[in-house]
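Keep in mind that what you see is a predicted model, and the values were worked out from it rather than measured.
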There are 2 protein chains.
Amino acid sequence: MDQLSATFAALADPTRRAILARLTDGPATVKELSEPFDISGPAISKHLRVLEKAGLITRGREAQWRPCQLDATPLKEVAVWAENYRRFWDASYTRLDALLTEMKETEQ
Amino acid sequence: MDQLSATFAALADPTRRAILARLTDGPATVKELSEPFDISGPAISKHLRVLEKAGLITRGREAQWRPCQLDATPLKEVAVWAENYRRFWDASYTRLDALLTEMKETEQ
DNA sequence: AGGTTAGATAACCAAGTGGTTAGGTACGAG
DNA sequence: CTCGTACCTAACCACTTGGTTATCTAACCT
């Protein structure tokens with residue numbers, strides 16, 4: 001799977017996005033990350049593996065803790081990708097684009 | 001499923017992103033959209049349904065054609081979400097953020 | 001050494017995904 | 001009316017996903 005697809009797939013889950021949001025406050029242990037959710041440890045473990053494979057977090061080792069840290073690099077690619085559609089966000093731009101397309105067609 | 005999750009899930013497939021990219025050139029029929037890919041019609045149909053449910057395309061009716069049109073509104077939400085992580089994209093910002101966090105902690 | 005805590009792994013389950021083939025509907029053309 | 005085209009639905013398949021419980025390792029603390 002390509003990087004962008006992996007990133008989007010990882011972000012398509014509210015729990016994982018909440019984990020990322022939590023990590024903007026700094027590194028956290030698995031236990032700390034799991035506290036806001038009422039799901040089991042293994043479920044969190046799986047979410048973290050998805051995030052790690054997508055390159056969105058890195059994991060260290062400190063005694064019996066495996067602290068997670070945010071790595072937002074892949075999100076830059078997401079933002080850049082989305083920005084390419086900026087001109088289509090607004091209906092007026094959509095109408096303008098339709099007009100431009102029409103003009104281009106009548107030119108030929 | 002919430003809007004943002006549905007959008008991310010829809011974007012987590014290269015075929016669907018390619019369809020969206022094609023639609024930036026203007027509306028297209030299902031047949032036209034399916035031409036670049038060597039997958040069956042029903043497979044394209046499913047992709048289009050995912051995109052439609054995510055609000056990324058709208059579908060009209062013209063005789064036996066069902067023209068698809070891009071609706072990039074949900075992508076604005078994606079861009080806004082990603083922008084919130086801009087300060088973490090760059091390692092220098094990450095270090096700065098770590099410093100700020102440390103300063104905030106020693107303050108208390 | 002024994003107990004507790006953090007965390008991962010394994011095995012399982014229900015539901016979803018991405019694909020297929022087969023068949024159905026709706027419309028235009030001859 | 002019949003044929004071809006565009007598109008959808010249905011049924012199926014292999015694989016993935018998000019969750020569970022049970023079990024394991026590793027490290028700390030008495």
Side-chain angles (χ1 to χ4, degrees), chain A residues 1-23 25-71 74, chain B residues 1-23 26-70 74:
Chain A
M1 183 145 65
D2 61 300
Q3 175 63 51
L4 195 51
S5 296
T7 307
F8 277 132
L11 298 178
D13 185 288
T15 304
R16 286 194 290 263
R17 289 199 305 277
I19 289 175
L20 291 183
R22 162 64 185 82
L23 288 177
D25 289 338
T29 68
V30 176
K31 192 70 186 306
E32 286 167 348
L33 290 175
S34 73
E35 248 135 38
F37 313 101
D38 57 347
I39 60 179
S40 66
I44 295 288
S45 239
K46 285 191 181 183
H47 283 307
L48 292 179
R49 197 164 65 230
V50 172
L51 290 170
E52 192 178 22
K53 280 199 172 178
L56 286 162
I57 64 169
T58 54
R59 286 200 264 188
R61 252 160 220 259
E62 278 179 38
Q64 67 271 57
W65 296 282
R66 232 126 308 181
C68 300
Q69 190 169 10
L70 178 65
D71 181 357
Chain B
M1 184 147 63
D2 60 300
Q3 174 64 52
L4 196 51
S5 296
T7 307
F8 277 131
L11 297 178
D13 185 288
T15 303
R16 286 195 290 263
R17 289 199 305 276
I19 289 175
L20 290 183
R22 162 63 186 82
L23 288 177
T29 68
V30 176
K31 191 69 185 309
E32 285 166 348
L33 290 175
S34 74
E35 248 135 37
F37 314 101
D38 57 347
I39 60 179
S40 67
I44 295 287
S45 238
K46 285 191 182 183
H47 283 307
L48 293 179
R49 197 165 64 231
V50 173
L51 290 171
E52 192 178 22
K53 280 198 174 180
L56 286 162
I57 64 169
T58 55
R59 286 200 265 188
R61 251 160 220 258
E62 277 179 38
Q64 67 269 57
W65 296 282
R66 233 125 308 178
C68 299
Q69 190 171 10
L70 177 65

Chemist: Atom CG in A:Leu51, atom CG in A:Leu11: separation rounded to 0.5 Å?
Modeler: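 Answer for the CG-CG pair, A:Leu51 versus A:Leu11, is 8.0 Å.
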Chemist: Considering only side-chain heavy atoms of B:Ala43, which listed nucleotide, C:dT20, D:dA6, C:dG18, is closest?
Modeler: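 Comparing C:dT20, D:dA6, C:dG18 against the side chain of B:Ala43, the answer is C:dT20.
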Chemist: If you take any heavy atom closer than 4.0 Å to DNA chain C, which residues from residues 32-41 of chain B end up in contact?
Modeler: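 The answer is B:Ile39, B:Ser40.
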Chemist: Just verifying a value: how many Å separate B:Arg66 CZ and B:Leu48 CG, rounded to the nearest 0.5 Å?
Modeler: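 The CG atom of B:Leu48 is 11.5 Å from CZ of B:Arg66, to the nearest 0.5 Å.
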Chemist: Roughly how far, to the nearest 0.5 Å, is CD of B:Glu32 from CH2 of B:Trp65?
Modeler: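 If we round to the nearest 0.5 Å, B:Trp65:CH2 and B:Glu32:CD are 10.0 Å apart.
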Chemist: Pull out every residue in residues 46-57 of chain B that has a heavy atom closer than 4.0 Å to any atom of DNA chain C, ordered by number, or say none.
Modeler: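 When residues 46-57 of chain B is checked for heavy atoms under 4.0 Å from DNA chain C, the hits, listed by number, are B:Lys46, B:His47.
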Chemist: When you measure from the side chain of B:Arg59, which nucleotide among D:dG18, D:dC8, C:dT20 comes out closest?
Modeler: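 Among D:dG18, D:dC8, C:dT20, the one nearest the side chain of B:Arg59 is D:dC8.
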Chemist: Could you pull out the closest heavy-atom pair between B:Phe37 and B:Ala18, with the gap in Å?
Modeler: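 Nearest heavy atoms, B:Phe37 then B:Ala18: CZ-CB, 3.6 Å.
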Chemist: What are the two closest non-hydrogen atoms of B:Ala6 and B:Ala54, and how far apart are they?
Modeler: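 Closest pair (atom of B:Ala6, atom of B:Ala54, distance): O-CB, 3.8 Å.
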Chemist: Please report the closest heavy-atom contact between A:Pro74 and A:Gln3, naming both atoms and the distance.
Modeler: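 Minimum heavy-atom separation between A:Pro74 and A:Gln3: CB-NE2, 3.7 Å.
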Chemist: Is the phosphate of C:dA6 approached by A:Thr29 (side-chain N or O, under 4.0 Å from OP1 or OP2)?
Modeler: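 False: A:Thr29 side-chain N/O out of range (4.0 Å or more) of C:dA6 OP1/OP2.
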Chemist: What distance separates B:Leu33 CG from B:Ile44 CD1, expressed to the nearest 0.5 Å?
Modeler: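 Taking CG in B:Leu33 and CD1 in B:Ile44, the distance rounds to 7.5 Å.
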Chemist: What's the CD1-C1' distance between A:Ile44 and D:dT17, to the nearest Å?
Modeler: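 A:Ile44 atom CD1 is separated from D:dT17 atom C1' by 15 Å.
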Chemist: Using 0.5 Å steps for rounding, measure from the CG atom of A:Leu20 to the CG atom of A:Leu70.
Modeler: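 One finds 6.0 Å between CG of A:Leu20 and CG of A:Leu70.
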Chemist: Find every protein N or O atom lying less than 3.5 Å from an N or O atom of nucleotides 13-16 of chain C, and list the pairs.
Modeler:
none

Chemist: Can you see which heavy atom on B:Cys68 is nearest to which on B:Ile57, and at what distance?
Modeler: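 Distance-wise, the nearest heavy atoms are SG-CD1, 4.3 Å.
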Chemist: Within residues 2-15 of chain B, find the residues that approach DNA chain D with a heavy atom at under 4.0 Å, and present them sorted by residue number.
Modeler: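 Per residue number, the list is empty: none.
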Chemist: Would you check, one step at a time, whether the test side-chain contact (heavy atoms from CB on, under 4.5 Å) holds for B:Val50 with B:Leu56?
Modeler: CA-CA 9 Å; B:Val50 173; B:Leu56 286 162; over 6 Å; no
Chemist: Report all interatomic pairs (protein N or O, nucleotide N or O of nucleotides 23-30 of chain C) with separations under 3.5 Å.
Modeler:
unit_1, atom_1, unit_2, atom_2, d
C:dG28, O4', B:Gln64, NE2, 3.4

Chemist: What is the distance, rounded to the nearest whole Å, between atom CD1 of B:Ile19 and atom P of D:dC7?
Modeler: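 Taking CD1 of B:Ile19 and P of D:dC7, I get 12 Å after rounding.
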Chemist: Taking side chain to side chain donor-acceptor pair (under 3.5 Å) as the cut-off, I'd like each qualifying pair that reaches into residues 38-57 of chain B, sequence neighbours left out, listed once.
Modeler: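 Passing the test, one end in residues 38-57 of chain B: B:Arg16-B:His47, B:Glu52-B:Arg59.
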Chemist: What is the minimum heavy-atom distance between A:Asp13 and A:Thr15, and which atoms define it?
Modeler: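 Taking every non-hydrogen atom into account, OD1-N, 2.8 Å.
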Chemist: Write down the atom of A:Arg22, the atom of A:Pro27, and the distance for their closest heavy-atom approach.
Modeler: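 Minimum heavy-atom contact is NH2-O, 4.0 Å.
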